[in-house]
Amino acid sequence: QVQLVESGGGLVQPGGSLRLSCTASEARGRSLDFYGVGWFRQVPGQGREGISCISMSTGNTLYADSVKGRFTISRDSAKNTVYLQMNDLKPEDTAVYYCAAVWGKIAIMSYEYDHWGQGTQVTVSS
């Protein structure tokens, strides 16, 4: 019922910045205010790691320890869009980044989410 599209990935040098966007839509046109939206990342052969999440209604947020102080999640509820501002990027941040949505909660664990985008590649390399 929920479709998610990520954008903004690319190649950046260590210490640089990127801003990812996730635009969500509901096929029946219902409000997404009750959803939580999260950002996750995955390296081939590894599990999907939770990065940050936000309530579309309240703006409450959660962050993984690995990105606190460097990444900031935000949302524009009117546009059904969530952003991930990534600063001071490191090579270990290289991954495919996904956004996901779940009704009625915010959660940092991937298994809590029902709806997923297709991902956008972020590569941090010198």
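Because only heavy atoms are used, hydrogens play no part in the values below, and waters and symmetry mates are left out as well, while side chains stay in.
- Within 6.0 Å of CD on Gln13 lie no more than 12 heavy atoms contributed by other residues, nucleotides or ligands.
- Cation-pi check for Arg48 over Tyr98 is met; the charged atom lies under 6.0 angstrom from the ring centroid and within 45 degrees of its normal.
- Contact of the Lys79 side chain with the Thr23 side chain is not registered, since no non-hydrogen atoms from C-beta on lie closer than 4.5 Å.
- Taking the ring centroids of Phe40 and Trp116, they lie under the 6.0 Å cut-off.
- Remark: Trp39 CH2 to Cys53 SG distance equals 13.0 Å, nearest 0.5 Å.
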Passes side chain to side chain contact (heavy atoms under 4.5 Å, CB included), Val122 versus Leu20? Steps please. CA-CA 9 Å; Val122 172; Leu20 305 183; 4.1 Å; yes
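- For the atom pair Ser21 OG and Gln85 CD, the distance stands at 9.5 Å (nearest 0.5 Å).
- The backbone N or O of Gly119 sits less than 3.5 Å from a side-chain atom of Glu6, completing a donor-acceptor pair.
- A donor-acceptor pair under 3.5 Å links the side-chain atoms of Tyr113 to the main chain of Ala107, judged by distance alone.
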Run the side chain to side chain contact (heavy atoms under 4.5 Å, CB included) check on Tyr97 and Met86 step by step: do they pass? CA-CA 12 Å; Tyr97 283 70; Met86 305 186 294; 3.9 Å; yes
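- Rounding to the nearest 0.5 Å gives a distance of 14.5 Å between OH of Tyr83 and OG1 of Thr72.
- In this structure, Leu4 and Ala24 approach most closely via the heavy-atom pair CD2-CB, 3.2 Å.
- Here Asp93 does not pair with Lys90 in a salt bridge; the nearest charged N to carboxylate O distance is not below 4.0 Å.
- Between the side chains of Ser17 and Asn87, at least one donor-acceptor pair of N or O atoms lies under 3.5 Å.
- At distances below 3.5 Å, at least one donor-acceptor pair connects side-chain atoms of Arg70 with backbone N or O atoms of Asp88.
- One hydrophobic cluster holds both Val12 and Phe71 under the rule that ILVMFWY side chains link at heavy-atom gaps under 4.5 Å.
- Closest heavy-atom contact between Pro14 and Ser126: CD-N, 3.7 Å.
- Looking only at distances, a side-chain donor or acceptor of Tyr63 sits under 3.5 Å from a matching main-chain atom of Ile73.
- Judged by distance alone, with hydrogens and angles left aside, the side-chain atoms of Thr94 form no donor-acceptor pair with the main-chain N or O of Thr123 at under 3.5 Å.
- The hydrophobic cluster containing Leu32 does not contain Val82, counting ILVMFWY residues as joined when their side-chain heavy atoms lie under 4.5 angstrom apart, directly or transitively.
- Note that the OG1 atom of Thr120 and the CD atom of Gln118 stand 11.5 Å from one another [nearest 0.5 Å].
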Under the side chain to side chain contact (heavy atoms under 4.5 Å, CB included) criterion, do Ser66 and Glu49 qualify, and how do the steps go? CA-CA 10 Å; Ser66 61; Glu49 176 190 11; 3.5 Å; yes
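- Between Ala95 and Arg41, the shortest heavy-atom distance links the atoms CB-CB, 3.7 Å.
- Judged by distance alone, the side chain of Thr61 and the main-chain N or O of Ile54 form no donor-acceptor pair under 3.5 Å.
- Checking side-chain atoms of Ser52 against main-chain N and O of Leu62 turns up a donor-acceptor pair under 3.5 Å.
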Dump the intermediate steps for side chain to side chain contact (heavy atoms under 4.5 Å, CB included) on Glu112 and Ile106, then the final yes or no. CA-CA 9 Å; Glu112 299 277 9; Ile106 58 172; over 6 Å; no
